[in-house]
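Working notes, structure below.
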Amino acid sequence: MKCDIEKIERYVDGELAEHEAQEVKAHLDECRACRESAAGLAGLDAKLGSIQFPKVSDERWRAVRAGITRARVVRRRIWWASMIAAAAALLITIAAYFFFSAEDGGGWTIERLDVNPGYSATLIENGKGTGYTAIVITPVENEF
Amino acid sequence: MENDELELVRRAAGGDERACTELFERYRDMIFRIAYARTSDEEEALDICQETFIRAFRSLRDFRGASSVKTWLVKIAMNISIDHLRRRMKSKTTELSEEIDPPAPGSVSDSIEAAELQTALWKAMEKLPDNERAVVVLHAIEHKKYREIAEILSCPIGTVMSRLHAARQKLLRYLEPFLGGAR
């Protein structure tokens, strides 16, 4: 094997196949310059591995975690708000369909019944007479 | 991927806060190290850390386990770091020589020599181009194999090797006084 610094790097990094590693090892036994290069690379990696990082306090980690949770909550709220808005839009569309497709021009009938003491039910029937579109039960004291 | 990790991801994807916390605590230090090594700024590194987990938790449902959670998170952190570095380049509010912010040596070592080495290591890292520094961080600090680094950085293995080689040649030169003359 000829002197090949890139192959020696792969050897130092443990990235060579077994037979290639054996070849490099044999070369290093014979070549002083490559042996020194390999030692230099290993020394550099050891120094880089010893690099120190700042110690982050628990309080700061808690703040980071809180920020992540906040983002999740906000996202969840946005999701629910979108779902509610979509459901409302769907209901309005259905109601509008019944209203405009009614044969008598959309004349709904509204009937109030006393269902229980203190409550009344408002029955909204579509113009086709095919059933009630909505039933709204309200406490009597809240009615105006 | 290990079963317990897969289960943890499944629970977190289902909205289990405890699983999210566990994922965060398991990987936060690693993400911080990567972010700090790329930015040399503690505040920015913590911001990157936060953004990484926010983005990861948002897309947990799409995580298919093709790579480990660790590799997936590192990839996200690397992309966010790039965004931060680009923003920093645009704003250019700090001089390059002032960007080096090595951790206070006194807090990590009593020896002056060791403290000098730490300062020299960070200065040398700071001098590397961003793409070479990314490879060094993943290889020498996070002990990733070439294949994993290529996957994280979305580049061929040959590119990983050539960047690592170029970075090492520079680092050997910058750190010569600390390496006992061995090259």
Side-chain angles (χ1 to χ4, degrees), chain A residues 3-17 20-21 24 28 31-80 82, chain B residues 15 17 20-21 24-25 28-29 32-33 36-37 42-43 45-47 49-58 101-105 107-109 114-115 117-118 120-122 124-125 136-137 139-141 143 145-147 157 161-162 164-165 168-169 171-172 175-176 178-183:
Chain A
C3 299
D4 181 346
I5 185 66
E6 292 188 9
K7 204 164 187 179
I8 289 168
E9 276 190 66
R10 297 207 297 280
Y11 171 77
V12 170
D13 293 339
E15 294 271 1
L16 287 181
E20 285 179 303
V24 173
L28 292 180
C31 178
R32 190 178 165 188
C34 287
R35 205 163 48 241
E36 284 180 0
S37 293
L41 290 168
L44 174 66
D45 278 6
K47 292 277 187 281
L48 289 170
S50 74
I51 208 160
Q52 301 279 352
F53 291 85
K55 176 92 180 87
V56 180
S57 69
D58 289 344
E59 194 185 341
R60 299 200 76 188
W61 276 128
R62 271 195 295 276
V64 172
R65 180 74 187 99
I68 297 166
T69 306
R70 246 189 334 270
R72 277 167 67 78
V73 169
V74 167
R75 192 174 162 81
R76 219 174 292 152
R77 282 184 187 157
I78 290 171
W79 187 85
W80 275 111
S82 324
Chain B
E17 277 301 320
C20 290
T21 302
F24 172 73
E25 285 176 358
R28 67 182 193 188
D29 293 326
F32 174 76
R33 282 196 302 273
Y36 185 85
E42 192 175 338
E43 281 303 319
L46 285 171
D47 284 348
C49 216
Q50 192 172 56
E51 283 176 47
T52 299
F53 283 99
I54 288 173
R55 201 177 288 182
F57 289 157
R58 270 181 197 165
D101 182 21
S107 64
V108 293
S109 170
L117 171 65
Q118 286 300 316
L121 283 169
W122 282 110
M125 287 285 280
V136 171
V137 169
H139 175 76
I141 299 170
H143 309 293
K145 303 301 276 182
Y146 295 169
R147 185 188 49 75
I157 287 184
M161 291 192 287
S162 60
L164 190 57
H165 175 73
R168 275 171 161 161
Q169 294 310 305
L171 290 171
L172 284 168
L175 296 167
E176 199 171 8
F178 297 92
L179 295 171
R183 290 186 67 172

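Sequence lines set the chain letters: A, B, ... in the order given, protein chains first and strands last, and positions in each chain run from 1. Just so we're clear, the structure is a prediction, and the values are computed from it rather than from any experiment.
Not a single donor-acceptor pair under 3.5 Å links the side chain of W61(A) to the backbone N or O of D29(B). Panel note: side chain Q118(B), backbone Q52(A); a donor-acceptor pair is recorded below 3.5 Å.
Interface residue R60(A): only side-chain heavy atoms are found under 4.5 Å from chain B. Neither the backbone nor the side chain of S162(B) comes within less than 4.5 Å of any heavy atom of chain A. With a threshold of 4.5 angstrom between heavy atoms, A124(B) does not approach chain A through any atom at all. Proximity to chain A involves both the backbone and the side chain of E17(B), based on heavy atoms less than 4.5 angstrom apart. In this structure, the portions of Y146(B) lying under 4.5 Å from any heavy atom of chain A include both its backbone and its side chain.
Using a 4.0 Å cut-off between charged side-chain N and carboxylate O, R32(A) and E36(A) make a salt bridge.
Here H143(B) pairs with nothing under the side chain to side chain contact (heavy atoms under 4.5 Å, CB included) rule; sequence neighbours left out.
Ranked by heavy-atom pairs shorter than 4.5 Å toward chain A, the options T21(B), V137(B), L171(B), I141(B) are led by T21(B). For the options L117(B), V136(B), L121(B), I54(B), heavy-atom pairs under 4.5 Å to chain A are most numerous at L121(B). Ranking M161(B), R58(B), M125(B), R147(B) against chain A, the residue ahead of the rest is R58(B), based on heavy-atom pairs under 4.5 Å.
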Could you go through residues 41-51 of chain A and list every donor-acceptor pair under 3.5 Å that involves a side-chain atom there, pairing it with any protein atom two or more places apart or in another chain?
residue	atom	partner	partner atom	Å
D45(A)	OD1	R168(B)	NH2	3.4
D45(A)	OD2	R168(B)	NH2	2.9
S50(A)	OG	K47(A)	O	2.7

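Taking CZ of F24(B) as the start and SG of C49(B) as the end, the distance is 6.0 Å to the nearest 0.5 Å.
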